[in-house]
Amino acid sequence: MDNRSIAQLLSETADLLEISAGDPFRIRSYRRAAEAVESSTVKISEIAEDTKKLLAIPGIGKGMATNIQEMEKTGTMPLREELLTKYRPSMLDLLKLPGMGPKSVLLFWEALQIASIADLEAAIAAGKLESLPRMGAKQIEKLKKGIEEYKQNSGRFLIDDAEEAADKLIAYLRQFEGITTITPAGSLRRGRETVGDLDILATGPACVEDKVQAAVEYTAAYPPIADLIAKGQNKVSFRLRSGLQVDVRLLPEGSYGAALQYFTGSKMHNVTVRQRALKRGYTLSEYSLSRVEDGSFVAGATEEEIYAALGLDWIAPEMRENNGEIEAAEQHRLPALVELRDIRGDVHMHTDATDGKNTIREMAEAAAARGYEYIAITDHSKNLAMTFGLDDERALEHMRKICQVNDEMEGRIRVFGGIEVDILSDGQLDLSDEVLAQIDVVIASIHSLFNQPEEQMTERVLRAIENPNTRILGHPTGRLLLRREGYKLNLPQILRRAAELGVAVEHNAYPDRLDLCDRDLRMAKEMGCKISINTDSHHTSHMEKMTYGVRQLRRAWLAKQDVLNTLPAEEFLAALRPRA
DNA sequence: GCCGTTTTCGGCCCGACTGTTTTCAGTCG
């Protein structure tokens, strides 16, 4: 069983416990364990036999270790089975409706035997809900709306889309007199590849207690609002036409740091920080850090002073996932994370020779304008016929053109010759060894899916990286296209072999590629892989997406020295596996 | 169910908003 499945079973058990009104702390334990399993870089099923190793994971104790071992053996566990005799699995869907929590699910089940969203719809239509306590007309209307939204399944939004929405809203808020600072918080600030909703924090003279109402009204009047969810003292919640939910909080400047810390999350990070505060006689809220005994103010204006008062170094938002960052901050051993400005080159991009939109020269100019020291032009090879992929002869001709542009740039930027070769179903590359041996940056990627089982798929990739011409493994988990059903491979095995061979693995910076996630990147680093980050740009404007990829690297705790593209041009080439 | 610089018991984060209430429960982040 993979980590994700184990985590899901644990988290579902937590939901069921919650519906059964179980001990809230026991419920939290299950949730914590689920998160610990989900974010673990070790394959839990491989260590499941070894109780000691399981217990070493924070959040996993004796009971949870037994549960995990049981799941490995039987695919489920006693508590879960027991709960499922009392409740239905489809009741978990009900929890996903906005405004629906465990108490309501239990109420509906006990009073009306409602076990699914379909049941709920029927009950609403039949007017059965009205007889229940706390179910007024507004509440029922809210549920109806929630069901509609659920069916449309807005889900999570890609970080670049969310950021665009945030930028527009920020521009609107900025026009209000007295709002001086506006910052996106939440998962956007933490750099997650997708965000569930947008948290925007605003502060300034207009946000003090007796004046804030006007700013609240102004926020609630934001034209693109499709649905106003809540409007309170200092908070406005609404949904945009895209379905994205937005929470705006307007708070006084003295609380800015506390609020930023609070609304950045993650939830588990905050819980741990607050526990730490309590142990030291403080209490932390979105307004301030204060003393428990007399409520006197300790810190609040900046995040730095709050962390410092708790004996911690400031923690970069990307690391705030309760994955050991607090201990590291305490011991002053947080890594200096890689930054966008450390990236000196982008070595995966396409031109109009295949499926790109711009010429070699245009790509080079755009990259030079971004301040890059080097790029590699890596067009497709012949197997991708639909992109007019290059065969041996055209590939060599293309290298000459790249070389020519390199000369034309007169040292403003270095342009490497490159190619993105396709890994065929038997693991062979689709260009000849003689040609590949003449190309600086050879990226081998899978583009076609043959519904092979995991083992065969893995074998195919392994064979491709054994080929001495392969210098970089392109988007190793497959991009969105390949991530769809049926595509699975043994990533740990591939990363281990890549590390042994000195083949670099690529992290594709483009947000919708869903390539190596932060956990995969952490695993790659632990295994000693060389990591290259690239945009796979098909247009000059795509190069901007590098910023999102770097944030994934930061989420994986990668420092500058962990990333190949932070090296100067010659050193970058030298750090790749030696040419065949 | 987990955890330990009040350590094997007794704790476990904090506040806002809504709706249906006349003081609060449920949900959310």
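In what follows, chains carry the letters A, B, and so on, assigned in the order in which the sequence lines appear, proteins first and then strands, with residues in each chain numbered from 1. Values below: all heavy atoms of this structure, side chains included; hydrogens, waters and symmetry mates excluded.
Separating the P atom of B/dG10 from that of B/dC17 is a span of 38 Å, rounded to the nearest Å. Taking atom P on both B/dT21 and B/dC14, the two are 31 Å apart, rounded to the nearest angstrom. B/dA16 and B/dC9 are spaced 34 Å apart, taking the C1' atom of each and rounding to whole Å. Rounded to whole Å, the C1' atom of B/dT6 lies 15 Å from the corresponding atom of B/dC12. A distance of about 15 Å separates the C1' atoms of B/dG1 and B/dT8, rounded to the whole Å. Atom name C1', nucleotides B/dT27 and B/dT20: the rounded distance is 14 Å, in whole Å. Comparing the same atom, C1', in B/dT18 and in B/dT23 gives a spacing of 15 Å after rounding to whole Å. Taking atom P on both nucleotides, B/dC3 is separated from B/dC13 by 14 Å, rounded to a whole Å.
Residues that satisfy the salt bridge (Lys or Arg N to Asp or Glu O under 4.0 Å) test with A/E217, not counting sequence neighbours, are A/K231.
Think of the region where chain A sits on DNA chain B: with heavy atoms and a 4.0 Å cut, that region ends 5' and 3' at B/dG1 to B/dG29.
Within 4.0 Å (heavy atoms only), A/K267 reaches at least one base atom of the nucleic acid. When heavy atoms are screened at a 4.0 angstrom cut-off, A/N270 is found touching no nucleic acid atom at all. Among the protein residues, A/L97 comes within range of the sugar-phosphate backbone only, with heavy atoms under 4.0 Å from sugar or phosphate atoms but none that close to a base. Note on A/G265: nothing from the nucleic acid sits closer than 4.0 angstrom, heavy atoms only. Backbone-only engagement by A/L278 is indicated by non-hydrogen atom pairs under 4.0 Å involving sugar-phosphate atoms exclusively. Residue contacts for A/A185: at a heavy-atom cut-off of 4.0 Å it reaches no nucleic acid atom on any strand shown. Looking at heavy-atom distances under 4.0 Å, A/K142 makes no contact with the nucleic acid at all. Backbone-only engagement by A/K231 is indicated by non-hydrogen atom pairs under 4.0 Å involving sugar-phosphate atoms exclusively.
Note: A/Y222 and A/Y172 have tilted aromatic rings, judged against thresholds of 30 and 60 degrees for the angle between ring planes.
Between A/Y287 and A/Y262, the gap from one ring centroid to the other reaches at least 6.0 Å.
Both A/L79 and A/E286 lie close to DNA chain B; mapped to their nearest nucleotides by heavy-atom distance, the more 5′-ward contact belongs to A/L79. Both A/R134 and A/S104 lie near DNA chain B, and the one whose nearest nucleotide falls closer to the 5' end is A/R134.
Using the Watson-Crick or G-U wobble rule with both distances under 3.5 Å, B/dT27 pairs with B/dA16.
Within a 6.0 Å radius of CD in A/E49, no more than 12 heavy atoms belonging to other residues, nucleotides or ligands are found.
Here the shortest heavy-atom pairing between A/L240 and A/A165 reads CD1-CB, 4.2 Å.
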Check your understanding: side-chain hydrogen bond (donor to acceptor under 3.5 Å, both in side chains) between A/N234 and A/E209: does it pass, once the steps are laid out?
Key -> CA-CA 8 Å; A/N234 54 20; A/E209 204 175 329; over 6 Å; no

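No side-chain N or O of A/S39 forms a donor-acceptor pair with one of A/E321 less than 3.5 Å apart.
Judged as a side-chain hydrogen bond (donor to acceptor under 3.5 Å, both in side chains), the pairs with a partner in residues 9-18 of chain A (not counting sequence neighbours) are, in order, A/Q8-A/E12, A/E12-A/R80, A/D15-A/R31, A/E18-A/R31.
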